[in-house]
There are 2 protein chains.
Amino acid sequence: MTEFLEQINKYNQLTKEAEKDFLSRLKTKSFKKGEFINKEGQICKQLYFIEKGLVKQYYHHKDRLFVLRFFSENTIFTVLDSFINQMPADFLTVALEDTNLIYIDYDNVQELSKIDHSFETFLRKIFSNAALYNLKRIKEMFNNDATELYVSFAKNNPHLLQRISLGDIASYIGISQVTLSRIRAKK
Amino acid sequence: MTEFLEQINKYNQLTKEAEKDFLSRLKTKSFKKGEFINKEGQICKQLYFIEKGLVKQYYHHKDRLFVLRFFSENTIFTVLDSFINQMPADFLTVALEDTNLIYIDYDNVQELSKIDHSFETFLRKIFSNAALYNLKRIKEMFNNDATELYVSFAKNNPHLLQRISLGDIASYIGISQVTLSRIRAKK
DNA sequence: ATGATTTTTTAACATAGGTAAAAAAAGATT
DNA sequence: AATCTTTTTTTACCTATGTTAAAAAATCAT
C-alpha cells in the first residue's frame, strides 16, 4: 500500500498524521485481463493506484471507439468526469492485462481533503496535472497528422508499444487501424 | 474587485479572513483591442478575472493558428501551462475587445494557498474544472466532423458568435476558414 | 460618402484518411 | 502438429477537408 502513498508524496508531501490516516483508508482489488473497472453510466467512487497491470479508458461514438488514455504501473487514475462531480461516467475502463489496484473511496477523499490541508494540496496538484495532460493532448491533436501522432506516441510510450495492440493505439491517436497500418508500412 | 471574489465563492466559499486577505492582494489592468496580455516564451505570473471584454488564447504551428479558448466577462483564466509550473508559455493571449482585468500575482496565490485551506480548495476546484473542460474538448475533437463542431460551438457559445470572427472560430474548431465558410454555405 | 482595409465567400485542385472486404500473420487451444 | 481465433496488412474506392487564389461583401476610418 505504501507505493500509493509514495506516489502521492511526489505530488505533495503529506503530514505524518495525514499519511497514517490515508493508509488506514486504503483497499485493494484485482482484475483479470478483460474485466471492467467501470462501465459508462456508473458513478466512479474511487481514486485508484495501479500496483501492477495496464488499463484502457475509452468510450464509443457512432460505432467507433476512442481511447482517452492508458494507465500503467505506479499511476494514480480515476474516471475524471465521473469522480469529480459524482455523475454517471461517459467512459469505460477495462483491464488490458491482469491488474492489481489499490484505491480509496470518494467519501474518504472528501473527508481527508476537508480535515487535512496537505492532502487538499495533493489533490490540487494532481488535478492541475490532469488539466495540463489534457491540454497537451489537445495541442497534439491539433498540430499533427496521423503519422506524427503515431511517431509521438511511440516516442512517449516506448514501454507501452509492445503491450498495446495496434487497434488500441489507433483508437488513442484517433485514426482507423487501417490508417495506422498504412503508416507503418511506408517505413 | 468583489466580482472576482464572488466568482471564487461560486467554486468554494472562502472564510471571512481569506476573503479580506484575498481582496487586499488584487490589482487591475486594462488592455486595448489588439494588445497582448501575454506572449509565448513569457512566464505567466498572474491569475486573471475578466471584468469586461474578450480575449483569445492561441498558438502557432506550421503556419497555422490554433485557438485554445476564448474567455469573456466574469471568467477566471490564466495561461495554464505557464502559470502552474512557472515555465515559459506556449501560448499567446490577446484582447479581441477593450478588456479590463482584475488579477492576483502568482506569489500571492502561492501564499494564500499555503495559509488558507479554503483558498486551496478553491484552487483544487478551478483546476479540476480546467481538466474537465479540456477533457470535453478532446472528446469533441474526436467525435465530430467540422460541421458538427461548428454547430456545437454555436450552440454552446451563442453570445460569442457575434463577437468573434469566422476565422477565429475556425481556428478554435481546428479547421480552415474556407471549410467553415463552406459549412455555413450549405445551410 | 469614399476609399481603404478586413472579412467572408467561391472555385479548382490535391491529398489524407475513412470504409469494407479479403489475405496474411500471429497467438491460443485442443 | 492442427485447428481456431485474433490481429495486422493490403487493396480499391470514396469523401471531407486542406491549399491557393481571387472575387465579393462587409466594416472601418478619414
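Chain letters run A, B, ... following the sequence lines, proteins first and then strands; every chain starts at 1.
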Can you tell me how far [atom2] of [N] sits from [atom1] of [X], to the nearest Å?
X	N	atom1	atom2	result
B/Met141	C/dG17	CE	P	14 Å
A/Arg182	D/dT10	CZ	C1'	10 Å
B/Asp145	C/dG18	CG	P	13 Å
A/Ile183	C/dG17	CD1	P	6 Å
A/Leu180	C/dG18	CG	C1'	14 Å
B/Arg163	C/dT7	CZ	P	17 Å
B/Arg184	D/dA25	CZ	P	15 Å
A/Leu149	C/dG17	CG	C1'	12 Å

Backbone of [Y] reached by a side-chain donor or acceptor of [X] within 3.5 Å:
X	Y	result
A/Ser30	A/Asn100	no
B/Gln57	B/Thr78	yes
A/Thr93	A/Asn38	no
B/Asp21	B/Leu112	no

* **Proximity to DNA chain C (any heavy atom under 4.0 Å), residues of residues 90-98 of chain B only** => none
* Can you list, by residue number, the residues of residues 166-179 of chain B that have a non-hydrogen atom closer than 4.0 angstrom to DNA chain C? -> B/Leu166, B/Gly167, B/Gln177, B/Val178
Give me, pair by pair, the N or O atoms of the protein and of nucleotides 26-30 of chain D that are less than 3.5 Å apart, along with how far apart they are.
none

* Flag side-chain contact, heavy atom, 4.5 Å: A/Ile164 against A/Phe70 -> yes
* How about A/Val178 and A/Arg182: do any of their side-chain heavy atoms sit closer than 4.5 Å? -> yes
* Asked: Any side chain to side chain donor-acceptor pair (under 3.5 Å) pairs touching residues 163-172 of chain B, not counting sequence neighbours?
  -> B/Lys56-B/Asp168, B/Glu73-B/Arg163, B/Glu97-B/Arg163, B/Tyr133-B/Tyr172, B/Arg137-B/Tyr172
* Do A/Phe153 and A/Tyr150 make the cut of ring centroids closer than 6.0 angstrom? -> no
* **Nearest listed nucleotide, side chain of A/Ser181, among C/dG17, D/dT8, C/dT8** => D/dT8
* **Estimated bend of the helix from C/dA1-D/dT30 to C/dT30-D/dA1 (axis per five terminal pairs, rounded to 10 degrees)** =>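 Rounded value for the end-axis angle: 50°.
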* Can you list the residues that meet the salt bridge (Lys or Arg N to Asp or Glu O under 4.0 Å) rule with A/Lys155, with sequence neighbours excluded? ->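 For A/Lys155 there are no salt bridge (Lys or Arg N to Asp or Glu O under 4.0 Å) partners, ignoring immediate neighbours.
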* How close do B/Tyr48 and B/Leu101 get, heavy atom to heavy atom, and via which atoms? -> CD2-CD1, 3.6 Å
* To do: Would you mind checking if B/Glu148 and A/Lys62 are paired as a salt bridge, meaning a charged N to carboxylate O distance below 4.0 Å?
  =>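 Salt bridge: yes.
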* Asked: Within the modelled atom types, does a donor on one side and an acceptor on the other bring the side chain of B/Arg64 and the base of D/dG18 under 3.5 Å apart?
  -> no
* Is the charged tip of A/Lys45 near the ring of A/Phe83: under 6.0 Å from the six-membered ring centre and within 45° of its axis? ->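 So A/Lys45 doesn't make the cation-pi contact.
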* Asked: Do other residues, nucleotides or ligands put more than 12 heavy atoms under 6.0 Å from B/Lys52 NZ?
  -> yes
* Which of parallel (below 30°), tilted (30 to 60°) and perpendicular (above 60°) describes B/Phe4 and B/Phe22? -> perpendicular
